[in-house]
Structures are given as structure tokens and as C-alpha cells.
Trainee: 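Have a look at this one.
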Amino acid sequence: MGTSLRVLLVGESARAATELAHELESGGFEPEVRRVATPRSFASALAPAPWDLVVCTVPSRRIGVVEALAILRERDHDVPLVVLSETADTALAAASIDAGASDFLAREDLSRIGLVARRELRRSAMGR
């Protein structure tokens, strides 16, 4: 039995949700992945339940990394946000980390999501 993990996926791609859940399962997690696509649905999803991890896909036509981070701060949520990009864009990676993202993964590196999730769970347990 794996470690339960509640993940809020911000983005339009249902495929990304399926791939993310699969990689987390391969990493020893029992993930619950919920997908939202707009700033409003993201803000609403934050209220009812605690999330262990937010994964924000880019590019997105509806919500960007900076906006997602701002919503987390406005709602005083200290949940780590990981950026998942279609490409390995070093400028975007640096800008995302500078804006407050916990990590940046290109889709080709999605297999690292289990390691990233474990690291973020440890940080959360230690009070960041």
C-alpha cells in the first residue's frame, strides 16, 4: 500500500492528469488527482480540503504560474507548487522558481514527480 497524496492539477489537459497519476503510482503513491482549469475553479478547489501538492501545467490559456502562486498566497495556503512544462525551457524554469514555485519539470522528466512529491512532503512535515 502506497502513501496517499492529494494533488491539485491546474491545467486544461486530461492527458496530463492521467500521466501524473500513473507516475505517482509508479513512485509508490496512492494519488488522488483533481484537475481544475481556471483561476476561479482553482481558488474554489483550495477551500474544502488540504492538498499535498499543486502541479501547474504550462502553457495554459487560462491560468499561469504567477497567477496560481498569487491565489495560493491570497488564500494563505502553504502548499508546494510544481510547474510541469511541455518543454525544457530554462528561462521559464528560472522565472517559475523565482516566482515561488517549488520545482520545475519538463514533461520528459515527469518520472521525477515521485521524488519531488516525497521531498515536498518531508519539507511540509518539517514546517518548511
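Basis for what follows: all heavy atoms, side chains included, without hydrogens, waters or symmetry-related copies. For this chain, numbers begin at 1 and follow the sequence in order.
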Trainee: Locate the shortest heavy-atom distance separating Arg35 from Gly11; write the atom from each residue and the value.
Mentor: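 Of all heavy-atom pairs spanning Arg35 and Gly11, the closest is CG-O, 3.4 Å.
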
Trainee: How long is the gap from CD on Glu67 to CG on Leu72, to the nearest 0.5 Å?
Mentor: 11.5 Å

Trainee: Using side-chain heavy atoms (C-beta onward) and a distance below 4.5 Å, is Pro39 in contact with Ile71?
Mentor: yes

Trainee: About how many Å separate CD of Glu30 and OG of Ser4, when rounded to the nearest 0.5 Å?
Mentor: 7.0 Å

Trainee: Donor-acceptor pairs under 3.5 Å, side chain of residues 104-114 to any protein atom, not counting sequence neighbours: which ones?
Mentor:
unit_1: Arg107; atom_1: NE; unit_2: Glu86; atom_2: OE1; d: 3.3
unit_1: Arg107; atom_1: NE; unit_2: Glu86; atom_2: OE2; d: 3.0
unit_1: Arg107; atom_1: NH1; unit_2: Glu19; atom_2: OE1; d: 2.5
unit_1: Arg107; atom_1: NH2; unit_2: Glu86; atom_2: OE2; d: 2.6

Trainee: Could you tell me whether Arg75 sits above the aromatic face of Phe42, with NZ or CZ closer than 6.0 angstrom to the six-membered ring centre and within 45 degrees of the axis?
Mentor: no

Trainee: To the nearest 0.5 Å, what is the distance between OG (Ser124) and CG (Asp78)?
Mentor: 6.5 Å

Trainee: Give a yes or no on this: more than 12 heavy atoms of other residues, nucleotides or ligands lie within 6.0 Å of atom CZ of Arg40.
Mentor: no

Trainee: If you look at every heavy atom in Gly27 and Arg118, which pair is closest and at what distance?
Mentor: O-NH2, 2.8 Å

Trainee: Between Trp51 and Ile63, is there a shared hydrophobic cluster once you connect ILVMFWY residues whose side-chain heavy atoms come closer than 4.5 Å?
Mentor: yes

Trainee: Is there a path of hydrophobic side-chain contacts, each under 4.5 Å between heavy atoms of I, L, V, M, F, W or Y residues, that connects Val79 with Leu69?
Mentor: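 Yes: a chain of side-chain contacts under 4.5 Å links Val79 to Leu69.
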
Trainee: In the structure I gave you, are the side-chain heavy atoms of Leu46 and Leu8 within less than 4.5 Å of one another anywhere?
Mentor: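 Counting from C-beta outward, Leu46 and Leu8 do come under 4.5 Å.
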
Trainee: With the side chain counted from C-beta on, respond yes when Val65 and Leu81 share a heavy-atom pair under 4.5 Å apart, and no when they do not.
Mentor: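 A side-chain contact exists here, since the closest heavy-atom pair is under 4.5 Å.
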
Trainee: How many angstroms lie between CD in Glu120 and CG in Leu115, if you round to the nearest 0.5 Å?
Mentor: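 Between Glu120 CD and Leu115 CG, I get 11.5 Å after rounding to 0.5 Å.
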
Trainee: With the side chain counted from C-beta on, respond yes when Val7 and Leu24 share a heavy-atom pair under 4.5 Å apart, and no when they do not.
Mentor: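 A side-chain contact exists here, since the closest heavy-atom pair is under 4.5 Å.
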
Trainee: Between Arg6 and Val33, is there a donor-acceptor pair closer than 3.5 Å when you use the side chain of the first and the backbone of the second?
Mentor: no

Trainee: Does NE2 belonging to His77 count more than 12 external heavy atoms closer than 6.0 Å?
Mentor: yes

Trainee: Please determine whether residues Leu92 and Val55 belong to a single hydrophobic cluster, defined as Ile, Leu, Val, Met, Phe, Trp and Tyr linked transitively by side-chain heavy-atom distances below 4.5 Å.
Mentor: no

Trainee: Taking ILVMFWY side chains as joined if any heavy atoms are under 4.5 angstrom apart, and letting links pass through other members, which residues group with Ile97?
Mentor: none

Trainee: Among Leu5, Leu53, Val116, which one satisfies side chain to side chain contact (heavy atoms under 4.5 Å, CB included) with Leu121?
Mentor: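 Passing option: Leu5.
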
Trainee: Cys56 and Ala68: which non-hydrogen atoms are nearest, and at how many Å?
Mentor: SG-CB, 4.3 Å

Trainee: So, taking the atom named CG in Leu9 and the one named CG in Leu84, what distance separates them when rounded to the nearest 0.5 Å?
Mentor: 7.5 Å

Trainee: Give a yes or no on whether the backbone of Ala117 and the side-chain of Arg122 come within a donor-acceptor separation of less than 3.5 Å.
Mentor: no

Trainee: Between Thr38 (side chain only) and Ser41 (backbone N and O only), is there a donor and an acceptor less than 3.5 Å apart?
Mentor: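 Side chain of Thr38 to backbone of Ser41, a donor-acceptor pair under 3.5 Å: yes, one is there.
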
